[in-house]
Number of protein chains: 2
Amino acid sequence: MIKQRGQVVIDKILDTAERLFFTQGYHITGINQVIEEADIAKASLYKHFGSKTDLLVAYLQRLHECWFNKLEADVNKEVDPKAKLLILFDHHLERQVRNGYGGCRFIKANDEAGMSDERVLAEIQKAKQHLKDFIARLVVNSGHQKLLTDKELTGLIFMMLDGGIIAASIFKQADDLQSAKAIIQKLL
Amino acid sequence: MIKQRGQVVIDKILDTAERLFFTQGYHITGINQVIEEADIAKASLYKHFGSKTDLLVAYLQRLHECWFNKLEADVNKEVDPKAKLLILFDHHLERQVRNGYGGCRFIKANDEAGMSDERVLAEIQKAKQHLKDFIARLVVNSGHQKLLTDKELTGLIFMMLDGGIIAASIFKQADDLQSAKAIIQKLL
DNA sequence: TATTAAATAGACATAGTTGTCTATTTAATT
DNA sequence: AATTAAATAGACAACTATGTCTATTTAATA
């Protein structure tokens with residue numbers, strides 16, 4: 001499967017948008033900066049994406065797919081059903097450290113543009129719901145001690161992940177996320 | 001204590017900025033919209049606040065004070081030390097419902113402008129640290145069952161609050177925040 | 001009431017925004 | 001090699017952004 005000419009341009013745009021939307025923010029990033037750093041022409045961008053909002057939606061869709069595949073792959077490496085749940089924390093912790101505590105791209109997008117466009121909100125909801133469903137399956141198969149119900153444990157892990165990522169992005173350190181893992185370990 | 005002339009203007013500016021920065025977002029809100037809806041002159045704004053960033057910092061400072069005072073007052077109404085911790089969830093849940101699941105103003109500001117100005121980040125860190133210290137004190141005095149250490153329970157509550165608020169602002173409902181309260185209740 | 005300070009309206013400068021359009025060059029396909 | 005499609009540079013329109021400045025009016029104080 002060789003890469004079409006158009007796909008190269010699309011990838012360059014999305015790579016650049018992903019980097020800039022994340023490190024700078026969506027509104028602060030101008031189309032002119034995207035085309036300059038992606039090294040493509042403005043007309044090319046507007047040929048593939050009808051508007052800046054369309055680009056944001058496409059960015060979120062691709063992010064959802066890439067991010068979730070990596071997460072699933074990481075979890076699948078582990079066989080112990082309880083350890084699978086703990087990997088969720090390792091995965092997110094490692095990501096936060098690597099990207100300089102930039103927080104969650106979906107939450108960022110929601111805070112910047114979730115109110116303004118329903119497609120944006122829908123993509124963010126889809127991604128987060130996907131994660132929650134994934135956690136729920138892992139919880140059911142974990143054989144945990146049932147100190148909490150399956151639903152409670154699922155919600156707990158889901159909220160601790162986001163809460164821990166938020167704490168990391170505010171305090172620029174991963175102590176809370178590390179601590180979250182230890183807490184879940186006790187409750188499994 | 002009568003209100004000075006200048007203070008009326010400052011209050012009108014901060015009230016409007018608070019409303020717009022929260023409902024629309026910081027970058028999307030222009031100075032021209034602020035002065036128009038606050039019904040004051042542009043020169044007045046720039047007399048009291050040197051720049052838009054200064055206005056954001058001032059907004060966060062005032063928010064920190066007002067929000068925390070209300071939270072503390074709510075908690076102080078309750079005498080039972082364990083129930084005091086649960087009030088934290090009631091308080092935030094009620095706020096989220098009332099403001100249409102708009103999320104946390106500090107997290108929003110961090111996601112929009114935390115990277116761009118160190119004073120902004122500092123104010124956000126101050127507010128969140130203040131809350132964490134407050135929770136820590138309540139935990140120490142709660143007489144909880146010590147299934148988790150004081151530090152762990154503090155971190156858990158802190159992360160569940162932010163995680164629950166995030167979930168509310170994404171899914172536009174308070175189920176997770178409600179569930180968070182039930183979970184903490186079990187662990188107290 | 002006269003003085004002083006503050007708030008006002010609104011023009012203005014400068015720069016940036018998204019998005020469109022044209023003319024040209026590049027590359028793939030027949 | 002000729003044709004077709006895509007990407008290019010860059011000018012341009014229309015609008016918005018922040019921030020400054022002047023001239024005027026309003027209000028508090030002495």
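Lettering follows sequence order; numbering is per chain, from 1. We use all heavy atoms of the structure for the numbers below, so side chains are in, but hydrogens, waters and symmetry mates are not. For clarity, every value in this text was computed on a predicted model and none was experimentally measured.
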Open item on the list: For the NZ atom on B:Lys151, are there more than 12 heavy atoms of other groups (residues, nucleotides or ligands in this structure) within a distance under 6.0 Å?
Closed with: no
Open item on the list: Please give me every residue in residues 25-33 of chain A whose heavy atoms get under 4.0 Å of an atom in DNA chain C, ordered by residue number.
Closed with: A:Thr29, A:Gly30, A:Ile31, A:Asn32
Open item on the list: Under a 3.5 Å threshold, yes or no: a donor from one side chain and an acceptor from the other, between A:Asp54 and A:His48?
Closed with: no
Task: A:Asp74 with A:Arg95: basic N within carboxylate O range, under 4.0 Å - done: no
Open item on the list: Please report the distance, rounded to the nearest Å, between CD in B:Gln7 and C1' in C:dA6.
Closed with: 14 Å
Open item on the list: How many whole angstroms separate atom NZ of B:Lys12 from atom C1' of C:dA6?
Closed with: 13 Å
Task: Interatomic spacing from CG in B:Leu153 to CZ in B:Phe158 - rounded to 0.5 Å - done: 14.0 Å
TODO: With a 4.0 Å heavy-atom cut-off, tell me which residues in residues 44-60 of chain A come close to DNA chain D, sorted by residue number.
DONE: A:Ser44, A:His48
Open item on the list: Can you confirm whether the side chains of A:Asp11 and A:Gln7 place a donor and an acceptor under 3.5 Å from each other?
Closed with: yes
Task: Atom pair distance, as rounded to whole Å: CD1 in A:Ile35 and P in D:dT8 - done: 10 Å
Task: Under-4.0 Å salt bridge between A:Asp162 and A:Lys132 - done: no
- [ ] Quick one: list whatever passes ring pair (Phe, Tyr, Trp, His ring centres under 6.0 Å) with B:Phe106, sequence neighbours left out.
- [x] B:Trp67
For nucleotides 3-5 of chain D, print each protein N/O atom paired with a nucleotide N/O atom at under 3.5 Å, atom names and distance only.
none

Open item on the list: Under the rule for side-chain hydrogen bond (donor to acceptor under 3.5 Å, both in side chains), what residues qualify as partners of A:Asn32, not counting sequence neighbours?
Closed with: A:Lys42
TODO: Dump the intermediate steps for side chain to side chain donor-acceptor pair (under 3.5 Å) on A:Gln61 and A:Glu65, then the final yes or no.
DONE: CA-CA 6 Å; A:Gln61 284 171 336; A:Glu65 205 180 323; over 6 Å; no
Task: A:Phe134 ring center within less than 6.0 Å of A:Phe68 ring center - done: yes
Open item on the list: Can you say whether a donor on the side chain of A:Lys42 sits under 3.5 Å from an acceptor on the base of D:dG10, or the other way round?
Closed with: no
Task: Residues in side-chain contact (heavy atoms from CB on, under 4.5 Å) contact with B:Thr23, at least two apart in sequence or another chain - done: none
Task: Gap between atoms CD1 and P, on B:Ile40 and C:dG10 respectively (whole Å) - done: 14 Å
